Amino acid sequence: MNNIVRIQPMQYVHLLDLNTNVTVLEVGPKSLILQDNHKLVEGPLPFVVIPPGHYCVIENPVKQPCEPGKQCDLKHGYREVRFFEEPFPLYPGETIEGAQQLAGYKSGIKALPVIGPNEGLQLLAIVDHVDGDEERKTGDFWQLEGPLTYKPTPYAEIVKRVKPRVIRHGQALRLKAKQAFVDNKGQKRVTSEEWLIRDLGAYLPGVFEEVVGVERAHTMTEDKALHMRAKQTCIDALGRKRNAGDEWLVTSDDSEMYIPEVSEAVVAEVFKTVLSRKEYCIVTDPIDSKGRNQLGKRELRKGITSFFLHPGEDLDGGILNSYILETDEALVLSAIDHFDDDSAKKKCHRYPGDRWMIFGPTEYIPPIEVTVKSRRKAMPLCENEGIYVRDTQSGAVRAVMGPQSYLLKAYEELWVKELSEDVENILKNGGGIGSGDIRKMAYFESSMDPTVARKGGRDKTRVIVYRCPGNTAVQVYDYLRKTARVIFGPDLVVLGPHENFNVLSLSAGKPKKPNALKTICLMLGPDFITDIIEVETSDHARLKIKIAMNNFFEVERENEDCEQGIFSVPDYIGHACKSVASRIRGMVAQVPFDEFHRYSTSVIKKAVFGVDKDGKIKQRLRFDANQLVVTNIDIQSIEPVDLHMSESLSKSVQMAIEISTKSIERAAEHEAKRTEQMAKGMLERQKLTNEKEAENARVSLFELRAITAAVESSGQKKAEAQAQAERLLIEGESAIEVAKLNAEAAEIELNAELQSQEMEKHGELEHQKQLNELELQKAKELAEIEANKFAAMVKAVGPKTISKIARSGPESQAGLLKGLGIQNVLITDGTTPLNLYQSPGGFMQSGMTS
């Protein structure tokens with residue numbers, strides 16, 4: 001039984017003859033008895049069935065014709081493509097390309113490639129062959145375009161399926177040649193050449209065309225243009241020839257949408273330059289009618305206008321506003337080239353280097369031959385205000401004072417007057433600089449200029465004005481004329497361009513230190529000078545004396561020599577203090593300490609002022625060098641320098657103080673006793689007066705007590721009666737209020753109970769309503785389910801089947817039962833057999849057994 005091979009129709013087996021070692025094909029239907037020298041290699045296997053629209057590739061096909069059961073020769077290494085045909089077996093050695101052993105031959109059967117519209121199929125020749133009228137060489141590439149169904153051949157293989165590229169509005173497809181060829185428009189292309197396809201719609205790239213990308217169009221507007229540059233000599237997208245390196249502008253007048261060619265490069269987007277009525281600009285290197293830049297030229301363009309800057313053009317300084325001059329304004333202009341000036345009232349010719357002014361009110365736009373040096377505005381100057389003006393042609397400097405409004409001329413400029421650092425600080429501080437403990441510093445506070453501190457410093461082009469304090473003098477020196485003048489305060493000092501203050505370096509402090517105070521003001525007095533000097537008596541007692549001298553300057557006004565004389569001594573304080581100290585030391589050295597201690601004032605005055613012919617002390621000391629007069633001298637304190645001398649002096653002073661204190665104590669004690677006796681007498685007298693007044697007051701008190709007792713007894717009864725009445729009234733009102741509150745409480749309880757019952761009934765009704773709605777919803781859903789079930793059953797059985805069942809009669813049912821092999825059937829009525837499909841299992845079993 002195992003040696004019998006039954007081959008069904010449309011099946012085949014491979015038998016190996018062990019004697020000849022030949023494998024043959026046997027096809028069915030037949031039954032084979034295997035001999036001892038036969039061996040079943042494969043099978044039984046079904047025939048290969050290729051459905052319509054499919055194919056398979058047979059490797060190592062047999063040489064045709066070949067009959068089953070006989071030895072056949074194979075074409076080793078060859079491939080054969082078979083399409084839809086009668087089912088066929090595979091001869092020994094034949095295989096289906098791509099078929100898997102477990103999955104059978106069906107995995108090797110493939111659908112024919114269908115190329116849709118605008119699609120392509122790239123093929124590669126693997127052997128030399130003739131394709132229709134074309135002769136193909138090994139390695140050739142070509143492409144088939146749809147719509148078509150491609151039938152594969154064993155001489156070419158499919159490389160890839162090519163999808164079309166859709167070119168939309170405002171787009172272009174950029175292609176690159178893989179090798180030299182002729183495109184579909186008949187244009188010769190060389191290797192690596194790039195070009196654009198601008199036709200809208202689907203484009204199918206050729207076999208030698210590589211898609212680089214999609215170029216998008218640049219949208220042109222009235223305010224935007226493209227700056228283009230040619231990378232090589234070419235024809236641009238507008239059909240114009242461009243040389244390598246050329247630059248040009250593409251505007252909306254040329255094209256609304258612009259897609260550059262591959263040889264063009266977009267340098268930048270250029271926006272339109274818009275000039276309003278009061279604006280202008282200067283274009284450098286403007287283009288001519290041929291589109292070439294006129295290098296070195298400049299062109300003035302005024303508003304209202306708009307334009308694009310072409311390549312190579314530029315704006316010198318950007319967009320400028322026209323100069324709108326008011327009545328008190330002017331422009332300083334300078335010519336850089338020859339031109340005819342018609343802006344003035346009279347037309348004139350200007351030469352390079354000319355300088356002139358144009359005054360307002362006007363609106364002015366300078367030509368390209370003119371440069372604006374500066375814009376000037378008239379400077380309002382009030383009285384005692386001024387500016388320093390310098391003539392640039394002659395170099396002369398002058399001061400222009402108010403009240404006026406001054407406008408600088410064409411060849412004039414503001415001149416900066418520089419001062420030394422000391423003078424700047426002196427003016428900033430009101431006239432003097434020094435440490436804060438110097439008394440004279442407070443004198444300059446009234447002359448400080450608040451505007452200088454507010455502005456952060458002095459305007460060096462403004463005329464220097466200093467408010468000279470009262471009873472002072474300021475000396476100003478003119479270095480150009482080599483003269484000096486003196487201004488007495490209170491007055492205003494106005495410095496000319498070549499004038500400067502005479503700075504005084506004075507001694508200050510106690511004792512005096514040289515150059516401690518720098519000032520431009522000379523205090524004329526009356527004033528006082530305080531100093532501390534050391535002296536030594538004839539008995540070698542060294543003392544420190546603090547003195548204060550009243551002084552003033554004795555000056556004759558309008559006498560130039562006298563006025564200048566007060567400034568002949570720069571440090572008049574130091575000079576006066578040294579002179580006075582020298583006189584005092586000389587006089588004190590001639591007297592002993594006791595005498596000096598007793599008569600110090602007269603000794604010092606004699607030393608300073610001297611005595612007249614009658615031996616009287618003079619009243620003043622005058623310094624002829626600078627007319628300083630000392631009128632009085634005051635000794636503020638005398639302190640010994642030596643410590644022992646100081647102790648002796650303090651002991652003598654203490655003894656004098658004790659003697660004076662004891663005498664004062666005795667006088668005070670006597671006066672106290674006298675005052676005490678007088679006070680005792682006045683006290684006794686006052687006691688008697690007070691006792692008399694106390695008795696009178698006691699009588700009045702008893703009278704008032706009697707009156708008060710009477711009032712108290714009557715008022716108590718009246719108050720008790722009134723309180724009883726008010727108590728009864730309050731109790732009655734309280735009872736009424738309690739009754740009202742009880743009634744309101746009962747009403748609230750009844751209302752609450754009624755509301756609770758009402759809410760309970762309402763809840764029950766709502767609950768019952770929801771139950772009824774749920775029952776109704778459930779009934780609706782069950783009915784809908786039954787309806788859907790019936791509809792589904794009808795749809796499953798089908799209307800035709802139901803119709804046939806309805807038309808089938810009893811005979812068809814009987815025949816059906818007979819076909820099932822049922823012999824004895826129980827007949828319910830004379831015409832219709834029993835429906836065994838719906839009968840119990842016992843009926844079916846009885847029918848089958850019978």
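Just so you know, these numbers use all the heavy atoms, side chains as well, and skip hydrogens, waters and symmetry mates. None of the values given here were measured: they were computed from a predicted structure. The first residue of the sequence shown is numbered 1, and numbering continues consecutively from there.
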Please check if the side chain of D183 supplies one atom and the backbone of G186 the other of a donor-acceptor pair under 3.5 Å. yes

Could you check whether any side-chain N or O of Y388 sits under 3.5 Å from a backbone N or O of I464, counting only pairs where one atom can act as donor and the other as acceptor? yes

Check whether any side-chain N or O of K272 sits under 3.5 Å from a backbone N or O of E222 as a donor-acceptor pair, and report yes or no. yes

Are any side-chain N or O atoms of K417 and backbone N or O atoms of P497, one a donor and one an acceptor, separated by less than 3.5 Å? yes

Whether over 12 other heavy atoms sit under 6.0 Å from R165 CZ: no

By ring-ring contact (aromatic ring centres under 6.0 Å, His included) - contacts of W248 (at least two apart): none

R168, CZ: over 12 other non-hydrogen atoms inside 6.0 angstrom: no

For G386 and L381 the tightest heavy-atom approach is CA-CD1, 4.0 Å

In short, E94 meets P89 closest at the heavy-atom pair OE1-O, 4.2 Å

So, do V463 and E385 sit near enough that their side-chain heavy atoms are less than 4.5 Å apart? no

So CG of L204 and CD1 of I197: to nearest 0.5 Å the spacing works out to 11.5 Å

Run the numbers on E299 and R301 for salt bridge (charged side-chain N to carboxylate O under 4.0 Å, His left out), then give the verdict. CA-CA 6 Å; E299 180 181 333; R301 298 181 185 178; 3.2 Å; yes

Before you tell me yes or no, could you show the steps for Q232 and S263 under side-chain hydrogen bond (donor to acceptor under 3.5 Å, both in side chains), namely the whole-Å CA-CA distance, both residues' side-chain angles and the distance that decides it to 0.1 Å? CA-CA 6 Å; Q232 61 189 21; S263 300; 3.1 Å; yes

Quick one: does any side-chain atom of D391 pair with a main-chain N or O of G395 as donor and acceptor, under 3.5 Å? no

Side chains of P87 and V48 in contact at under 4.5 Å (non-hydrogen atoms): no

Could you go through D328 and M379, starting from their C-alpha distance and side-chain angles, then the distance that decides it, and tell me whether this counts as side-chain contact (heavy atoms from CB on, under 4.5 Å)? CA-CA 9 Å; D328 58 344; M379 291 170 282; over 6 Å; no

Cation-pi geometry met for R189 and F208 (6.0 Å, 45°): no

Please confirm whether the backbone N or O of G77 pairs with a side-chain atom of N60, one donor and one acceptor, at under 3.5 Å? yes

Compare every heavy atom of P260 with every heavy atom of V266, then report the nearest pair and how far apart it is. CG2-CG, 3.7 Å

Please tell me if the side chains of L112 and F84 come closer than 4.5 Å, counting only heavy atoms from C-beta onward. no

With a distance cut-off below 6.0 Å to the six-membered ring centre and an angular limit of 45° from the axis, does R136 pair with W142 as a cation-pi contact? yes

Do K151 and F83 meet the cation-pi criteria used here (NZ or CZ under 6.0 Å from the six-membered ring centre, within 45° of the axis)? yes

Kindly determine whether K278 and N321 satisfy side-chain contact (heavy atoms from CB on, under 4.5 Å), including the steps that lead there. CA-CA 6 Å; K278 295 182 180 181; N321 293 321; 5.8 Å; no

Taking all heavy atoms of L300 and all of P366, pick out the closest pair and write down the distance. CD2-O, 3.8 Å

Quick check: closest heavy atoms across L121 and P113, and the distance to 0.1 Å? CD2-CB, 4.3 Å

Are more than 12 heavy atoms, taken from residues, nucleotides or ligands other than E784, located less than 6.0 Å from that residue's CD atom? no

Ring pair (Phe, Tyr, Trp, His ring centres under 6.0 Å) contacts touching residues 344-380 (sequence neighbours left out): H338-H349, H338-Y351, H349-Y351

Does NZ or CZ of R82 lie under 6.0 Å from the centre of the six-membered ring of F88, at an angle within 45° of the ring axis? yes

For Y91, side chain to side chain donor-acceptor pair (under 3.5 Å) partners two or more places apart: none

Check the side chains of E363 and S322 for a donor-acceptor pair under 3.5 angstrom, ignoring hydrogens and angles. yes

Distance from E269 atom CD to D223 atom CG, nearest 0.5 Å? 12.5 Å

Salt-bridge criterion met for E264 and R242 (N-O under 4.0 Å): no

Pairwise side-chain contact, W415 with V389, heavy-atom cut-off 4.5 Å (strictly under): no

Using modelled atom types and a 3.5 Å cut-off, is there a donor and acceptor pairing between side-chain atoms of D288 and backbone atoms of G291? yes

For the CG atom of N293 and the CD atom of E313, what is their distance to the nearest 0.5 Å? 6.5 Å

Find the distance between OH (Y280) and CD1 (I319) and round it off to the nearest 0.5 Å. 12.0 Å

Mind jotting down which residue pairs meet the side-chain hydrogen bond (donor to acceptor under 3.5 Å, both in side chains) criterion with at least one end in residues 115-130? Sequence neighbours excluded, please. E119-K163, Q122-Q143, D128-T138

Are side-chain heavy atoms of H218 and M257 found at a separation under 4.5 Å? no

Would one find more than 12 heavy atoms of other residues, nucleotides or ligands at under 6.0 Å from atom OH of Y78? no

State which residue, out of R355, R398, K373, R376, fulfils the salt bridge (Lys or Arg N to Asp or Glu O under 4.0 Å) condition with E412. R398

Answer yes or no: is there a side-chain heavy-atom contact under 4.5 Å between K224 and T251? no

Could you give the distance from NZ (K188) to CD (E193), rounded to the nearest 0.5 Å? 12.0 Å

Assess, by modelled atom type and distance only, whether the side chains of D459 and T461 contain a donor and an acceptor separated by less than 3.5 Å. yes

Quick one: pull up CG in D337 and CG in D354 and give me the separation to the nearest 0.5 Å. 11.5 Å

So does E86 have more than 12 non-hydrogen atoms from other groups sitting under 6.0 Å from CD? no

Between R79 (side chain only) and P154 (backbone N and O only), is there a donor and an acceptor less than 3.5 Å apart? yes

Using a 4.5 Å cut-off on heavy atoms from C-beta on, say whether the side chain of I387 contacts that of L414. yes

Any chance you could lay out the side-chain contact (heavy atoms from CB on, under 4.5 Å) test for R292 and I287, step after step, and finish with the verdict? CA-CA 5 Å; R292 293 177 295 186; I287 63 171; over 6 Å; no

Residues passing the side chain to side chain contact (heavy atoms under 4.5 Å, CB included) test with D316, sequence neighbours excluded, are I282, T284, R298

With a 4.5 Å limit on heavy-atom distance, are the side chains of H54 and K110 in contact? no

Closest non-hydrogen atoms of I50 and C56, given as atom of the first, atom of the second and distance, are CD1-SG, 3.5 Å

Could you walk me through whether D246 and R240 pass the salt bridge (charged side-chain N to carboxylate O under 4.0 Å, His left out) check? CA-CA 12 Å; D246 283 354; R240 301 170 186 169; over 6 Å; no

Quick one: disulfide bond (SG atoms under 2.5 Å apart) partners of C72, sequence neighbours excluded? C66

Assess whether side-chain contact (heavy atoms from CB on, under 4.5 Å) is satisfied between D285 and D314, documenting all intermediate values. CA-CA 7 Å; D285 303 331; D314 196 8; over 6 Å; no

